[in-house]
Participant: 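Questions regarding the structure given below will be posed in turn.
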Number of protein chains: 2
Amino acid sequence: MKEGPSIAQIAALAGDPARANMLAALMSGKALTASELANEAGVTLQTASSHLGKLEGGGLIAGVKQGRHRYFRLSGGDVAEMLESMMGVAARAGHLRTRTGPSDPMIRKARVCYDHLAGEMGVQLFERLTALGHIAGRDADVHLTRRGEDFAAKFGVDLQALAAQRRPLCKTCLDWSMRRHHLAGSLGAALLERLYALKWATRDKHGRAILFSRSGEAKFAKLLAR
Amino acid sequence: MKEGPSIAQIAALAGDPARANMLAALMSGKALTASELANEAGVTLQTASSHLGKLEGGGLIAGVKQGRHRYFRLSGGDVAEMLESMMGVAARAGHLRTRTGPSDPMIRKARVCYDHLAGEMGVQLFERLTALGHIAGRDADVHLTRRGEDFAAKFGVDLQALAAQRRPLCKTCLDWSMRRHHLAGSLGAALLERLYALKWATRDKHGRAILFSRSGEAKFAKLLAR
DNA sequence: CAAATGCTTCGACTACCATCGAAGTATGAA
DNA sequence: TTCATACTTCGATGGTAGTCGAAGCATTTG
């Protein structure tokens, strides 16, 4: 009678190891082909195709056909957020799996969460912005202050362009490794873009890590020092 | 890439319809018994027990044994947040049907918990008795003070008769609608008996609700006012 | 055109898991 | 003690979903 299968359906989609690996790979924000995802998940192309069909049917991913390839990406930031929260629960509750691997310190320090900065640096960014009075509000409900607008503009973010989007400007996302919030939304995405543009950081080609240059990290720290 | 399996396990736990219904029911923040959750999920008690074991083993819920009941609650706010984000994704993907209405307000306000008062009034009773110094101790381990003995005697409770029972005088019980403790034990039962005897309240014939008369509720409030 | 690559569909096999009956344990009630 | 209730464990069953081989489009390349 009480219909609650919706969350069961969504969870079941992410509940298969192969599909979970695909989703995790897509967390980088990149669009990947079916073959690449099959390789990520460790299954054959046929199996992967079946999984991708289900994920697309469930609205978790979106596929774009380009030539003889088909590129898949997460259908939206909310999916990334859901996956992040799952990782958070898994990290806290889970003596389910082995301890963190060797490549993890980098992932833990700075990584892409869909399209914005996550990890220690992400949490630091959010908390400093809050402490400096650039962002106001708590936890879920936050907004940019006047001073924050000046800060963003000075940093090279085109706020008018962001405002034109339907997408929310400020949003928070629970960081699975830190268990604290970091900044998401179009502002979070724009700030990460600026980090790339300023060459303070680059993206790891193979994983989700964000690699700060030494000078970039220093400038980042100085930016938030005040 | 290594983090895939763990999120798959977490998601798989929520991916079964029966378990998803249980988790949705626990989203209210209330602690529910295994029977209630079985009923909520539409499965037998045996099946429910299996599911609850898995959810507990996965760290999504925590169980507290209380008498012959076992109360389950979500293990933390992060689990609730994860479920919420799943609902968000489900809603956007067009799978969601809104959850059916809230439970009976009367049940929430005052009801019988075996033989003692539970619900808002039950929690209020316990907390006021504690605040007035009639009951001392915390959470699980509580006892009646000297002043409390006077109070009980004045209210018409035969403490000697209660002391003669093997049953503990003071006990606390986790309130499923309030998520806080209320008074159980022979004293809790005796106080409820007095409420009936004084005609401050009567018991609903068909349900677990306790119906306070208007004057009864006023006297009850005055009793705890001091 | 033909060959190669990328992906999807079909079919069959397999393994897992949810489910429930029955029996067992624990706590409370009479 | 004896009965009742709440829950757990065991065992058997049935359905379902993941998996891959083989074949079938579709697109690009030569």
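Every chain is numbered from 1, with letters handed out A, B, ... down the list of sequences.
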Participant: Applying side chain to side chain donor-acceptor pair (under 3.5 Å), which residue pairs with at least one partner in residues 24-33 of chain A are found, sequence neighbours left out?
Facilitator: T33(A)-E36(A)
Participant: Under 3.5 Å, which donor-acceptor pairs link side chains of residues 146-158 of chain B to any protein atom two or more places apart or in another chain?
Facilitator:
from	atom 1	to	atom 2	distance (Å)
R147(B)	NH1	L132(B)	O	3.1
D158(B)	OD1	Q160(B)	N	3.2
D158(B)	OD1	A161(B)	N	3.3

Participant: How far apart are the closest heavy atoms of A41(A) and A18(A), and which atoms are they?
Facilitator: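 The pair with the smallest heavy-atom distance is CB-O, 3.4 Å.
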Participant: Shortest non-hydrogen contact from A201(B) to Y196(B)?
Facilitator: O-CD2, 3.4 Å
Participant: Do L183(B) and L117(B) touch side chain to side chain, with heavy atoms closer than 4.5 Å?
Facilitator: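 Contact flag for L183(B)/L117(B) side chains = no.
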Participant: For D16(B), check salt bridge (charged side-chain N to carboxylate O under 4.0 Å, His left out) against everything at least two apart and list the hits.
Facilitator: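 Once residues adjacent in sequence are excluded, D16(B) has no partner under the salt bridge (charged side-chain N to carboxylate O under 4.0 Å, His left out) criterion.
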Participant: Excluding sequence neighbours, so at least two apart, what forms side chain to side chain donor-acceptor pair (under 3.5 Å) with E84(B)?
Facilitator: none
Participant: Map A12(A) and T47(B) onto DNA chain D by nearest heavy atom, then report which one ends up closer to the 5' terminus.
Facilitator: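 On the 5' side of the pair lies T47(B).
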Participant: Distance check needed: dA18(C) P versus H51(B) NE2, whole Å only.
Facilitator: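 Atom-to-atom, H51(B) to dA18(C), this comes out as 6 Å.
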Participant: Using a 4.5 Å cut-off on heavy atoms from C-beta on, say whether the side chain of I210(A) contacts that of V112(A).
Facilitator: yes
Participant: What is the distance, to the nearest angstrom, from the OH atom on Y71(B) to the C1' atom on dC7(D)?
Facilitator: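 From Y71(B) OH to dC7(D) C1': 14 Å.
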Participant: Could you check whether A18(B) gets within reach of a base, just the sugar-phosphate, or nothing at all, counting any heavy atom under 4.0 Å?
Facilitator: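 Sugar-phosphate, no base atom in range.
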Participant: Between L52(A) (CG) and dG6(C) (P), how many Å, whole number?
Facilitator: 15 Å
Participant: Let me know the distance between CG of L55(B) and P of dC7(D), rounded to the nearest Å.
Facilitator: 15 Å
Participant: Please determine which of L55(A), I61(A), L60(A) meets the side chain to side chain contact (heavy atoms under 4.5 Å, CB included) test together with L74(A).
Facilitator: I61(A)
Participant: Go through dT9(D), dT19(C), dT19(D) for me and flag the one nearest to the S50(A) side chain.
Facilitator: dT19(D)
Participant: Expected output is a numbered-order residue list: members of residues 31-38 of chain A with a heavy atom under 4.0 Å from any atom of DNA chain C. What is it?
Facilitator: T33(A), A34(A), S35(A)
Participant: Is there a side-chain polar atom (N or O) of S49(B) under 4.0 Å from OP1 or OP2 of dT8(D)?
Facilitator: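 Checking S49(B) against dT8(D): at least one side-chain N or O falls below 4.0 Å of OP1 or OP2.
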Participant: Please report the distance, rounded to the nearest Å, between CE in M22(A) and C1' in dT19(D).
Facilitator: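 My rounded result for the distance is 12 Å.
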Participant: For the side chain of L45(A), starting at C-beta, report the closest nucleotide among dC20(D), dT8(C), dT8(D).
Facilitator: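 Minimum distance to the L45(A) side chain belongs to dT8(C).
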Participant: Who passes side chain to side chain donor-acceptor pair (under 3.5 Å) against E217(B), sequence neighbours left out?
Facilitator: K109(B)
Participant: Take nucleotides 11-17 of chain D nucleotide by nucleotide from the 5' end and write B, S or -, depending on whether a protein heavy atom sits under 4.0 Å from the base, only from the sugar-phosphate, or from neither.
Facilitator: -------
Participant: Looking only at side-chain N and O atoms, does R70(A) come under 4.0 Å of OP1 or OP2 in dT8(C)?
Facilitator: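 R70(A) to dT8(C) OP1/OP2: side-chain N or O found under 4.0 Å.
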Participant: Just compare dG6(C), dT19(C), dA22(D) and give me whichever is closest to any side-chain atom of H69(A).
Facilitator: dG6(C)
Participant: Mind listing the N/O atom pairs, protein and nucleotides 27-30 of chain D, below 3.5 Å?
Facilitator:
none

Participant: Map every base of DNA chain D to its dot-bracket character, where paired means a Watson-Crick or G-U wobble contact with both distances under 3.5 Å and | marks a partner outside the strand.
Facilitator: ||||||||||||||||||||||||||||||
Participant: Of all residues at least two apart in sequence or in a different chain, which pass the side chain to side chain donor-acceptor pair (under 3.5 Å) check with S186(A)?
Facilitator: none
Participant: For the pair N21(A) (side chain) and P17(A) (backbone), establish whether a donor and an acceptor sit closer than 3.5 Å, ignoring hydrogens and angles.
Facilitator: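 Present.
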Participant: Given atom CD of E56(B) and atom P of dT9(D), what is their separation to the nearest angstrom?
Facilitator: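 In whole Å, dT9(D) P and E56(B) CD are 10 Å from each other.
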Participant: Does E56(A) have any salt bridge (charged side-chain N to carboxylate O under 4.0 Å, His left out) partners at least two apart in sequence or in another chain, and if so, which?
Facilitator: R70(A)
Participant: Can you give the donor-acceptor pairs under 3.5 Å from side chains of residues 76-83 of chain A to other protein atoms, not counting sequence neighbours?
Facilitator:
from	atom 1	to	atom 2	distance (Å)
D78(A)	OD1	R92(B)	NE	3.3
D78(A)	OD1	R92(B)	NH2	3.2
D78(A)	OD2	R92(B)	NE	2.4
D78(A)	OD2	R92(B)	NH2	3.4
E81(A)	OE1	K171(A)	NZ	3.4

Participant: Rounded off to whole Å, could you give me the CD-to-C1' distance for the Q46(A) and dC10(C) pair?
Facilitator: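 Rounded to the whole Å, the gap is 11 Å.
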